[in-house]
Amino acid sequence: MTTTINPLRYPGAKRQLVPYIGNLIKCNNLHGCTFIEPYAGSAVVGLELLKNNIIDRLILVERDVLIYSFWKCVFSATDELCNRIETLPVDIETWLKMKPLREVTVPHDDKIMELGVAGLFFNRTNFSGILKANPIGGITQNSNYKIDCRFNKPVLIDLIKNLSLIKEKVEVYWDDAITFLNGYKANFLKKRHFVYFDPPYFSKGHKLYRHYYTINDHKKLANFVRNNKHFDWLISYDDEPYICGLYSGMNAKYSPFYLDYTVSKGKRSSGKELLISNLPLPPVKFSKTNIL
Ligand SMILES: C[S@@+](CC[C@H](N)C(=O)[O-])C[C@H]1O[C@@H](n2cnc3c(N)ncnc32)[C@H](O)[C@@H]1O
């Protein structure tokens, strides 16, 4: 399977899981299914599986207005998005001018482009790709690393144009994951679906994302998944005893991965990732050397 880079440098992105999930899908005769990522983020898993023809259709759901708007623009207003990126000054003045867009709570149609550009901008100019963080180099830019050091316009434009080639097979929704899936129920009967849940981390979610889960939200998700009879699914989580408890007693298996994200140092480091599924999980062959 070939993998490319993604325009978003997303905290907790699951690039290392792409071959594993591809294999899980093939082993279970789900080749050509509709794949749903209800916690899309960088959507790296679904996009790679789609580009490699392992799945037929991709549905992305994201609660964050800025990330949702970015993906919406990638797939429905590619040229305008690329033009905006081309002419965008990547400096602290732009960062300050865009800052109020972080307060927008609803992605109204007339604002989508502005929000989409801001989503990419904050993702690529902020510390560790965290939308609510400060810019690389700080507001004063007194550092060797400047705000534009991860904003390579030609590369980003190229990646976006490349992704737009699969736009007919991608749908993007701004919604809460569970609300969306409840509303989608009737469609599960028409075709085979696979849902890949990658909810905000239990322990560090509040540091990484603008939308994160309380204990109650994690419980609600576990109940939703337990009661589901419509689709096959996989969940990835940080390996926390509380989460193991929520899914214990189910017909599911657990596998450790070394994919954790250290917020304090802004670096990936070795930690454990938990995989839970209704399907039998193939052995995990990843090692620490797989860390990007
Ligand atoms: C662990 S990240 C997903 C990372 C993604 N799998 C990737 O590879 O980049 C969790 C994502 O869920 C989003 N999110 C948080 N609460 C949500 C909700 N209630 N419904 C949908 N998405 C939500 C966050 O904004 C974040 O983008």
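Counting convention: from 1, in listed order, for ligands and their atoms alike. A quick note: this is a predicted structure, and the numbers were derived from the prediction, not measured.
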For ligand 1, note which part of [X] has a heavy atom under 4.0 Å away: side chain, backbone, both or neither.
{"X": "Tyr10", "answer": "side chain"}
{"X": "Asp175", "answer": "backbone"}
{"X": "Pro38", "answer": "backbone"}
{"X": "Tyr201", "answer": "neither"}

Problem - Short N-O contact, Lys97 and Glu93, less than 4.0 angstrom - result: no
Exercise for the section: Answer yes or no: is there an ion pair linking Arg57 with Glu171, defined by an N-O contact shorter than 4.0 Å? Expected result: yes
Problem - Neighbour count above 12 (heavy atom, 6.0 Å) for Lys99 NZ - result: no
Practice task
Give a yes or no on whether Asp109 atom CG has more than 12 heavy-atom contacts from other residues, nucleotides or ligands under 6.0 Å away.
Solution key: no
Nearest-contact summary for [atom] - protein heavy atom, Å:
{"atom": "atom 16 (N) of ligand 1", "answer": "His211 CB, 3.6 Å"}
{"atom": "atom 1 (C) of ligand 1", "answer": "Tyr209 OH, 3.2 Å"}
{"atom": "atom 18 (C) of ligand 1", "answer": "Arg63 CB, 3.6 Å"}
{"atom": "atom 25 (O) of ligand 1", "answer": "Glu62 OE2, 2.6 Å"}
{"atom": "atom 12 (O) of ligand 1", "answer": "Tyr39 CB, 3.5 Å"}
{"atom": "atom 9 (O) of ligand 1", "answer": "Ser42 OG, 2.6 Å"}
{"atom": "atom 6 (N) of ligand 1", "answer": "Asp198 OD2, 2.6 Å"}
{"atom": "atom 8 (O) of ligand 1", "answer": "Lys14 N, 2.9 Å"}

Below 4.0 Å from ligand 1: does a non-hydrogen atom of [X] turn up there or not?
{"X": "Val45", "answer": "no"}
{"X": "Ala40", "answer": "yes"}
{"X": "Ile67", "answer": "no"}
{"X": "Phe180", "answer": "no"}

Under 4.0 Å from a heavy atom of [X]: which atoms of ligand 1 are those, numbered in the order shown and with their elements?
{"X": "Val44", "answer": "8 (O)"}
{"X": "Ala13", "answer": "7 (C), 8 (O), 9 (O)"}
{"X": "Asp176", "answer": "18 (C), 19 (N), 20 (N)"}
{"X": "Pro199", "answer": "1 (C)"}
{"X": "Gly41", "answer": "9 (O), 27 (O)"}

Problem - Min N/O separation Ala177 to ligand 1 under 3.5 Å - result: yes
Handout entry: Asp64-ligand 1 polar pair, N/O distance under 3.5 Å
Key = no
Exercise for the section: To the nearest 0.5 angstrom, please state how far the CD atom of Glu168 sits from the CZ atom of Phe75. Expected result: 11.0 Å
Fill in the blank from the handout: Rounded to the nearest 0.5 Å, the CD1 atom of Ile235 sits from the CG atom of Leu274 at a distance of 9.0 Å
Practice task
Ignoring hydrogens and angles, tell me if any N or O in the side chain of Tyr20 forms a donor-acceptor pair with the backbone of Pro282 under 3.5 Å.
Solution key: yes
Problem - Intermediate values then yes/no, side-chain hydrogen bond (donor to acceptor under 3.5 Å, both in side chains), Asn182 and Thr179 - result: CA-CA 5 Å; Asn182 274 324; Thr179 309; over 6 Å; no
Problem - pair Asp148-Asp91: side-chain heavy atoms closer than 4.5 Å - result: no
Completion exercise
Grouping ILVMFWY residues whenever side-chain heavy atoms fall under 4.5 Å, the cluster of Tyr145 otherwise contains Ile136
Exercise for the section: For side chain to side chain contact (heavy atoms under 4.5 Å, CB included), just list the numbers for Tyr212 and Asp217, CA-CA rounded to whole Å, side-chain angles, deciding distance to a tenth of an Å, and then say yes or no. Expected result: CA-CA 9 Å; Tyr212 46 88; Asp217 295 322; over 6 Å; no
Handout entry: Intermediate values then yes/no, side chain to side chain contact (heavy atoms under 4.5 Å, CB included), Ile55 and Phe194
Key = CA-CA 9 Å; Ile55 58 169; Phe194 185 90; over 6 Å; no
Problem - Pair Leu221-Tyr247, side chain to side chain contact (heavy atoms under 4.5 Å, CB included): steps then yes or no - result: CA-CA 10 Å; Leu221 175 60; Tyr247 290 89; 3.9 Å; yes
Practice task
Can you tell me which residue pairs pass the ring pair (Phe, Tyr, Trp, His ring centres under 6.0 Å) test with a partner in residues 100-120, sequence neighbours excluded?
Solution key: none
